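Quick notes on the structure that follows.
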Amino acid sequence: MSRLRTSIAIKLVLGYGLLGTASIALVSGVFYRGTVGVLERENDSRLIAQSDRVMARATGRPHKVLLAEVRRQLDDGIDSDREIFELVAADGHGEVGNLTSWPALSPEREDDNQQIVTSVVIRAGLPTRARLVMRPLKQGGMLIVGRDLAEQEAVRTVIWHAVLAGAAVSLLLTVGGALLFRSMTERRLGAIRRTAAQIEAGDLSSRIPVAGDDEFALLGSDINRMLDRIERLMDGIRHVSNAIAHDLRTPLGRIRSKLDEALRHEPSVPRLTGAAHDAIDHIDDLIRLFERLLQIAEAESGVRTRLFERLALAQIARDMGEMYEASAEDRGVTLTLELDDSVQVDGDRNLLASAVASLLDNAIKYAGAGAEVRLGVQQYQGRAAIVVADTGPGIPAAELGKVTQRFYRVDASRHLPGNGLGLAIVSATALSHGGELQLEDGAPGLVARILLPLATA
């Protein structure tokens, strides 16, 4: 019972049911009053017209002409079972007509005004509910023209029953539609809740079924994208934990080995100094490793998005090109720039500069002597692109999707210095800017492309 009280679906069903009921009642009332009102107005108009005709034929003539006209109306055989005519004398008794009892004129009426009333009269010895037009006569008395309401009451009853039946059907349809809506809502929400329960139980691969393009489908797609990112982050955390344990063990083992070797021999200043310098070098490597991990974490957290500003990518690329120009010459690599100064983005200058530096450092380091490295800024498929392409050995196609993982290194490059975090930093930076890092075979070499949203006016 408590679940029913707190269920949003139940509240929606009740809300829509009440709204539907109120709407049906309003529409039915308007329809009923409109239909019955038309009948009543038509009946009144007909009675007034009949009384006017009788009075017009007798006006200015002897009283016996009026008596004859009333008799003629009673004897013409036209709807005689429903029509009412009565001529009442000044003393209150009936002179001619088909009534034995009738209502009196209202005392506050004006003498020359007719009165229209609904009243129970005695007709043919039976009480009858009738609509009456009562017209006072100048010589005293009054003329009563009316109509039995039995037929109109029957029509009113039929209309009332039709309105009630229509209202009942509409109400049932409203309630049925509301219950169907509740069922659909609970089914869609149930799928989300079941997925949440599976994820809570540890199954991060579970996703919400998405069908159609309604609001629930859009919500499911948004949640699935969020879950994809959470799964990637969790996989990254697990991978980082294993990789850190593996990568830290080697330098820490070297430090321990150097210090242990220095202590096993006769202590001397040169030996201890050398051991200390080696330990410091390895510790510096560890510090740089943690700094790069922190850089990735900072990029992925999105905390620096508040520092975004309008940037010309060509200027960042030009600065990084000048910084690595000497390094490229030392390694026998030709570095060229192809920059479009009109390409602008909203981003963090330091993060983007660090990403470009990582791509240039990798390209120059692994391309080899005699290779060419091209740094470009351009528009690509409706987005801003920073492109670093080289003519070196490249990366095997099977490993293109793995090199952005933390600490992952291609077998051919394991003998070179590095820790496998450069491309992971670039990918995290691109994602934090709403973009992505694309890697593809340059045939020969590698083409690394950072794609970012173009700045909007």
Side-chain angles (χ1 to χ4, degrees), residues 247 250-251 254 274 277-296 312-341 349-378 385-396 399-400 403-404 406-430 437-450:
D247 280 43
T250 299
R254 290 174 182 169
H277 281 302
D278 289 341
I280 289 172
D281 289 340
H282 287 300
I283 291 173
D284 287 341
D285 290 339
L286 292 176
I287 291 174
R288 283 191 291 271
L289 171 64
F290 283 112
E291 286 177 346
R292 293 176 77 80
L293 287 173
L294 290 173
Q295 188 177 358
I296 295 174
L313 287 182
Q315 186 57 49
I316 296 176
R318 190 174 290 111
D319 293 342
M320 293 300 102
E322 292 175 357
M323 181 183 299
Y324 278 88
E325 186 176 6
S327 176
E329 290 181 359
D330 291 342
R331 291 178 177 269
V333 174
T334 301
L335 177 61
T336 59
L337 305 183
E338 299 177 4
L339 308 178
D340 182 349
D341 291 309
R349 181 181 299 274
N350 293 331
L351 286 179
L352 292 176
S354 176
V356 175
S358 293
L359 292 180
L360 284 176
D361 184 68
N362 281 349
I364 294 172
K365 183 190 301 181
Y366 299 119
E372 296 180 2
V373 174
R374 178 176 58 87
L375 171 60
V377 171
Q378 59 190 224
I386 304 173
V387 183
V388 177
D390 64 71
T391 58
I395 298 175
E399 298 189 86
L400 283 175
V403 292
T404 55
R406 297 173 179 85
F407 300 108
Y408 187 88
R409 303 189 70 189
V410 179
D411 291 337
S413 64
R414 291 188 180 275
H415 66 285
L416 296 174
N419 46 37
L421 292 175
L423 291 179
I425 292 175
V426 176
S427 179
T429 299
L437 171 63
Q438 288 185 352
L439 301 176
E440 59 184 50
D441 186 4
L446 176 71
V447 177
R449 188 179 290 112
I450 302 175

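Because the structure is predicted, anything quoted here is derived from the model rather than measured.
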ask   = Going through the distances and angles, do Met320 and Leu352 end up as a side-chain contact (heavy atoms from CB on, under 4.5 Å)?
value = CA-CA 10 Å; Met320 293 300 102; Leu352 292 176; over 6 Å; no
request  = Could you check Thr429 against Ile450 for side-chain contact (heavy atoms from CB on, under 4.5 Å), going step by step and ending with a plain yes or no?
outcome  = CA-CA 9 Å; Thr429 299; Ile450 302 175; over 6 Å; no
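Between the CZ atom of Arg349 and the CG atom of Leu313 there is a distance of 9.5 Å, given to the nearest 0.5 Å. Note that CD of Glu338 and CD of Gln378 are 8.0 Å apart. Values are rounded to the nearest 0.5 Å. Taking CG of Leu335 as the start and OH of Tyr324 as the end, the distance is 11.0 Å to the nearest 0.5 Å. Between the CG atom in Leu359 and the CD1 atom in Ile386 there is a gap of 8.0 Å [rounded to 0.5 Å].
Of the options Thr336, Val387, Asp390, Val356, a side-chain contact (heavy atoms from CB on, under 4.5 Å) to Leu375 is made by Val356 and by none of the others.
Of all the heavy atoms in Leu337 and Gly321, the pair that sits closest is CD2-CA, 4.3 Å. The two residues Ala371 and Gly392 make their nearest non-hydrogen contact at CB-N, 4.4 Å. Residues Leu437 and Ala430 approach most closely at N-CB, 4.0 Å, considering heavy atoms. In this structure, Ala355 and Val426 approach most closely via the heavy-atom pair O-CG2, 3.5 Å. Residue Thr391 comes nearest to Glu372 through the heavy atom pair OG1-N, 2.9 Å, listed as atom of the first residue, atom of the second, then distance. Contact detail for Tyr366 and Pro393: the closest heavy-atom pair is O-CD, 3.3 Å.
For Ser354 (side chain) and Asn350 (main-chain N/O), no donor-acceptor pair under 3.5 Å exists by modelled atom type.
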